[in-house]
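The structure appears below as structure tokens.
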2 protein chains.
Amino acid sequence: MTDVLESPLTRKLQVFVALSEVELGVLKRLHLRRRSFAAGRDLVHQGQSDQAAYILAAGWVCSYKLQPDGTRQIVDFQIPGDFLGLRSVLLRTSDHSFEPVTDIQAAEVFADDLLEAFEKTPRLAAAILWAASRDEAMVVEHLVGVGRRAADARMAHFLLELGARLKLVGMGSKKGYACPLTQYHLADALGLSAVHVNRVLRQLRESGLLTFRDGRVTFDKYDGLVELSEFDPAYLDQTGPLLK
Amino acid sequence: MTDVLESPLTRKLQVFVALSEVELGVLKRLHLRRRSFAAGRDLVHQGQSDQAAYILAAGWVCSYKLQPDGTRQIVDFQIPGDFLGLRSVLLRTSDHSFEPVTDIQAAEVFADDLLEAFEKTPRLAAAILWAASRDEAMVVEHLVGVGRRAADARMAHFLLELGARLKLVGMGSKKGYACPLTQYHLADALGLSAVHVNRVLRQLRESGLLTFRDGRVTFDKYDGLVELSEFDPAYLDQTGPLLK
DNA sequence: ATGCTGGGCTAACCGAAAGCAGTCTCCGCA
DNA sequence: TGCGGAGACTGCTTTCGGTTAGCCCAGCAT
């Protein structure tokens with residue numbers, strides 16, 4: 001990447017806050033330490049402390065919590081432009097693990113650099129915390145889904161949400177998107193068994209709503225999905241309120 | 001309240017950050033606008049915008065999301081010392097509702113006052129965001145529970161967590177605590193039906209683990225509960241890392 | 001060629017929890 | 001003093017989703 005303007009993070013933040021030259025400069029400095037990681041090899045393990053944070057540039061990651069009984073709950077997926085482990089930096093401890101779903105590219109950010117950037121450019125800090133708040137709202141939405149939605153609505157809601165997020169960084173549309181997740185990932189995220197995920201996907205396919213195939217999600221009947229899952233994207237596309 | 005030092009919030013923040021005179025002064029100013037609300041009457045409705053935040057002084061509140069189909073998912077309970085609607089202030093919009101479980105006392109905080117306080121005393125801001133992060137960790141833990149734990153373990157984990165939080169503000173111990181929640185609240189929080197909550201409680205009582213009765217939770221066999229629910233309080237009692 | 005692995009897919013069976021329907025008790029109040 | 005509502009509690013039936021136990025296919029290593 002030659003220009004910070006091409007970074008998905010910059011792109012996302014610009015939606016909320018018009019960033020100044022200085023702020024872009026700081027943001028650029030945060031992008032310097034570029035690293036790659038292979039799919040399936042955890043970046044951070046639960047319980048580790050003093051970790052760096054990452055800005056995801058390419059590829060997908062999931063954050064999850066491992067249960068003592070071996071099952072896991074995926075808390076969220078990160079796509080390009082998302083922060084990884086912001087909380088573990090602020091709290092100096094990590095309470096969940098990160099696994100790259102695909103091979104990924106990420107910029108490593110040390111706690112000190114981040115805190116310094118926050119100090120120098122509070123507007124940037126606000127923008128980043130804004131994004132973090134949005135992520136938290138997503139976790140809440142996720143909780144509602146797992147607690148109160150039937151399996152099919154849960155699946156539809158999840159895939160729609162992912163689509164909306166991808167659209168924000170130019171990686172998807174109302175037609176569908178490329179999706180590297182396996183049915184096991186879906187199961188771990190939605191609190192279902194892999195077998196049931198398969199059943200639900202078949203059901204959705206047969207009722208002409210969506211197709212999940214060959215690493216691609218296709219929305220065959222977008223409106224029908226929205227209705228089934230009662231999807232309301234309000235919590236995703238609030239336009240930046242804190243600063244103009 | 002004559003002295004800000006008696007506020008449960010101050011008490012909680014002091015655990016993490018030693019607050020200066022100036023910071024205590026700012027915190028005191030935030031506590032000035034004292035208000036009362038009656039049980040069962042929502043403070044904030046989903047979708048309202050430009051809301052104030054509250055610092056809870058006495059009583060219990062739950063935050064929840066309403067589904068279009070009428071069911072609700074309780075996201076979290078707030079107890080004295082907790083912030084209410086911090087996010088809705090930062091994002092200028094509220095995506096969930098708050099219902100007092102009991103009659104409550106709370107200090108109302110307007111967005112501008114809060115932002116001004118953050119600007120004047122960044123350490124205070126850090127401490128409050130620290131607490132917010134802890135709350136988010138709790139939501140995540142909650143998600144894991146709803147997604148991956150069986151009903152009995154989920155119940156046990158939830159009641160243990162609540163106990164641990166109450167202990168932090170001096171309202172509970174390993175023996176148990178006063179708990180104004182109805183079985184309906186538990187159902188809405190745990191993603192179960194009220195009927196099933198009742199069955200699970202009976203089961204826990206009959207196996208001599210805990211008793212939920214007459215507004216009181218009694219841990220009859222604390223260790224047994226910890227084992228059943230695989231409760232690990234690490235995410236609650238991290239000692240303040242950001243600032244010393 | 002063979003076998004192995006990972007991902008997707010399916011059927012048969014079974015159990016946990018929901019839904020429904022109703023009782024009991026306590027309490028406020030007309 | 002008798003009614004009505006809230007909350008706790010229970011039995012019966014239904015259903016959603018988990019478990020077990022496979023099969024198929026593609027890629028790849030031997």
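A, B, ... follow the sequence lines: proteins, then strands. Residue 1 opens every chain.
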Q: Please report, rounded to the nearest Å, how far the P atom of C/dA18 is from the NE2 atom of B/His196.
A: 5 Å
Q) Base, sugar-phosphate alone, or nothing: which one does A/Gly191 contact when heavy atoms must sit under 4.0 Å apart? A) sugar-phosphate
(Q) Expressed as a whole number of angstroms, how long is the span from A/Leu192:CG to D/dC16:P? (A) 13 Å
Q: Take atom CG of B/Asp214 and atom C1' of D/dG7, then tell me their distance rounded to the nearest Å.
A: 11 Å
Q) Quick one: A/Leu186 CG to C/dG6 C1', roughly how many Å, whole number? A) 16 Å
Q | Beyond-backbone contact of B/Glu99 with B/Leu43, side-chain heavy atoms, under 4.5 angstrom | A | no
Set out, line by line, the N/O atom pairs under 3.5 Å between protein and nucleotides 8-12 of chain C.
from: C/dG8; atom 1: OP2; to: A/Gln183; atom 2: N; distance (Å): 2.8
from: C/dC9; atom 1: OP2; to: A/Gln183; atom 2: NE2; distance (Å): 2.4
from: C/dC9; atom 1: O5'; to: A/Asn198; atom 2: ND2; distance (Å): 3.4
from: C/dT10; atom 1: OP2; to: A/Asn198; atom 2: OD1; distance (Å): 3.3
from: C/dT10; atom 1: OP2; to: A/Arg202; atom 2: NE; distance (Å): 3.1
from: C/dA12; atom 1: N6; to: A/Arg199; atom 2: NH1; distance (Å): 3.3

(Q) Output the rounded distance in Å from CZ (B/Arg149) to C1' (D/dG18). (A) 18 Å
Q. Taking the side chain as C-beta and beyond, is there a heavy-atom pair between A/His196 and A/Arg199 under 4.5 Å?
A. yes
Q: Take B/Tyr64 and B/Asp42 through the side-chain hydrogen bond (donor to acceptor under 3.5 Å, both in side chains) test and state the conclusion after the steps.
A: CA-CA 10 Å; B/Tyr64 64 94; B/Asp42 278 13; 2.4 Å; yes
Q. Is any side-chain heavy atom of B/Phe83 less than 4.5 Å from a side-chain heavy atom of B/Ile128?
A. yes
Q) Stepwise, does the side-chain hydrogen bond (donor to acceptor under 3.5 Å, both in side chains) test hold for A/Ser7 with A/His31? A) CA-CA 9 Å; A/Ser7 146; A/His31 278 86; 3.0 Å; yes
Q.
Rounded to whole Å, please give me the gap between CD in B/Gln203 and C1' in D/dT10.
A. 14 Å
Q | side-chain hydrogen bond (donor to acceptor under 3.5 Å, both in side chains) between B/Asp76 and B/Ser63, intermediate numbers included | A | CA-CA 5 Å; B/Asp76 203 1; B/Ser63 54; 5.5 Å; no
Q | Closest listed nucleotide, where the reference is the side chain of A/Ala150 and the choices are D/dG18, C/dA17, D/dG17 | A | D/dG17
Q) What integer distance in Å separates A/Arg154:CZ from D/dC16:P? A) 13 Å
(Q) Measure CG/B/Asp69 against C1'/C/dG19 and give the value in whole Å, please. (A) 14 Å
